[in-house]
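Worksheet: one structure, shown below.
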Amino acid sequence: MGKSIALMGDILYNSKYDIITLMKNIIKKADIILFIVLVLLGGALTVWSLMGGTDKTQVVIHVEGKLYGTYPLSKDQTITIEEYGHYNQVVIEDGKVHMHEANCHNQLCVRQGVISSSNIPIVCLPNRVVVEIVDGEEEVDVLSR
């Protein structure tokens with residue numbers, strides 16, 4: 001009887017030892033796998049953000065002071081505006097915007113050239129068209145109390 005209890009104790013001790021050794025190996029492998037997954041995920045998110053994955057920069061067009069449309073700066077396209085007897089053609093290309101054509105008499109909006117930031121809008125005063133680039137984040141122009 002004493003030998004069987006001792007033998008049973010050895011089996012339990014050895015199986016506990018095997019389980020502990022096994023758990024240590026599993027945890028080590030899981031830690032390594034988790035680390036690799038996190039590094040790959042972090043790298044993928046970095047590349048995605050640098051490539052403009054969440055590009056929120058928009059081209060906003062107003063006609064007669066009212067919103068005509070909002071367009072992504074990242075998508076090349078041509079917008080034709082025919083309102084109130086006036087004609088303007090805005091081109092978004094390679095992350096830049098320009099007034100390609102207008103039926104205004106002075107053509108200053110066409111000659112203004114290309115814009116690529118929110119610093120200066122394109123304005124066609126005779127046709128009352130304003131084209132501006134707006135970043136996705138709200139900017140505060142004036143603070144008042």
Side-chain angles (χ1 to χ4, degrees), residues 5 7-145:
I5 292 176
L7 182 60
M8 203 176 247
D10 285 342
I11 292 173
L12 288 175
Y13 177 76
N14 287 336
S15 64
K16 282 184 186 178
Y17 179 74
D18 290 340
I19 290 173
I20 291 171
T21 305
L22 182 64
M23 288 302 290
K24 284 183 180 179
N25 288 337
I26 290 174
I27 290 173
K28 286 180 183 177
K29 288 179 186 176
D31 288 342
I32 292 170
I33 292 170
L34 179 64
F35 177 74
I36 290 171
V37 167
L38 289 176
V39 167
L40 291 175
L41 183 63
L45 287 173
T46 301
V47 168
W48 184 58
S49 68
L50 291 175
M51 299 291 286
T54 58
D55 189 16
K56 296 180 182 177
T57 306
Q58 301 283 320
V59 175
V60 178
I61 300 175
H62 287 87
V63 178
E64 295 264 337
K66 297 176 187 167
L67 180 65
Y68 181 81
T70 303
Y71 309 91
L73 185 63
S74 58
K75 181 181 177 191
D76 293 353
Q77 58 186 313
T78 301
I79 299 105
T80 302
I81 304 164
E82 295 185 61
E83 294 282 324
Y84 308 107
H86 302 292
Y87 172 82
N88 292 75
Q89 190 176 57
V90 178
V91 175
I92 303 171
E93 192 172 52
D94 299 326
K96 299 175 184 173
V97 183
H98 69 276
M99 186 76 70
H100 184 70
E101 270 185 79
N103 68 347
C104 59
H105 62 280
N106 61 13
Q107 297 288 298
L108 290 175
C109 56
V110 177
R111 285 189 258 150
Q112 183 175 346
V114 177
I115 63 170
S116 59
S117 67
S118 60
N119 295 340
I120 300 173
I122 297 173
V123 179
C124 182
L125 283 177
N127 294 358
R128 297 181 182 178
V129 175
V130 178
V131 179
E132 59 186 335
I133 296 175
V134 178
D135 194 13
E137 301 170 10
E138 290 187 28
E139 296 179 15
V140 177
D141 290 334
V142 177
L143 292 176
S144 62
R145 292 181 183 220

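All residue numbers in this chain count up from 1 along the given sequence.
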>> With a 6.0 Å cut-off (strictly less than), is the heavy-atom count around CG of L40, excluding the residue itself, greater than 12?
In response: yes
> Going from NZ on K96 to CD1 on I133, what distance comes out if it is rounded to the nearest 0.5 angstrom?
Replying inline: 10.5 Å
>> When you compare the side chain of H86 with that of V63, does any pair of heavy atoms fall below 4.5 Å?
In response: no
>> Nearest 0.5 angstrom please: S117 OG to L73 CG, how far?
In response: 10.0 Å
> Given side chains that start at C-beta, do those of E132 and H62 come closer than 4.5 Å, heavy atoms only?
Replying inline: yes
> Which atoms form the tightest heavy-atom contact between N88 and A102, and what is the distance?
Replying inline: ND2-CB, 3.5 Å
> Just how far is it from atom CG of N103 to atom CD of Q89, taken to the nearest 0.5 Å?
Replying inline: 11.5 Å
> Could you state the interatomic distance from CZ (R111) to NE2 (H98), rounded to the nearest 0.5 Å?
Replying inline: 15.0 Å
>> As an exercise, state the distance from CE of M99 to CD1 of I81, rounded to the nearest 0.5 Å.
In response: 6.0 Å
> How far does CG of L41 sit from CD1 of I36, to the nearest 0.5 angstrom?
Replying inline: 13.5 Å
> Taking the side chain as C-beta and beyond, is there a heavy-atom pair between V90 and Y71 under 4.5 Å?
Replying inline: no
> If only atom types and distance count, is the side chain of Q112 paired as donor or acceptor with the main-chain N or O of P121 below 3.5 Å?
Replying inline: yes
> With Q58, which of P72, S74, S118 fulfils side-chain contact (heavy atoms from CB on, under 4.5 Å)?
Replying inline: P72
>> Quick test of your reading: applying salt bridge (Lys or Arg N to Asp or Glu O under 4.0 Å), list the pairs with at least one residue in residues 66-76, sequence neighbours left out, ordered by first then second residue.
In response: none
>> Between N127 and C104, does the side-chain contact (heavy atoms from CB on, under 4.5 Å) criterion hold? Intermediate values first, please.
In response: CA-CA 6 Å; N127 294 358; C104 59; 3.8 Å; yes
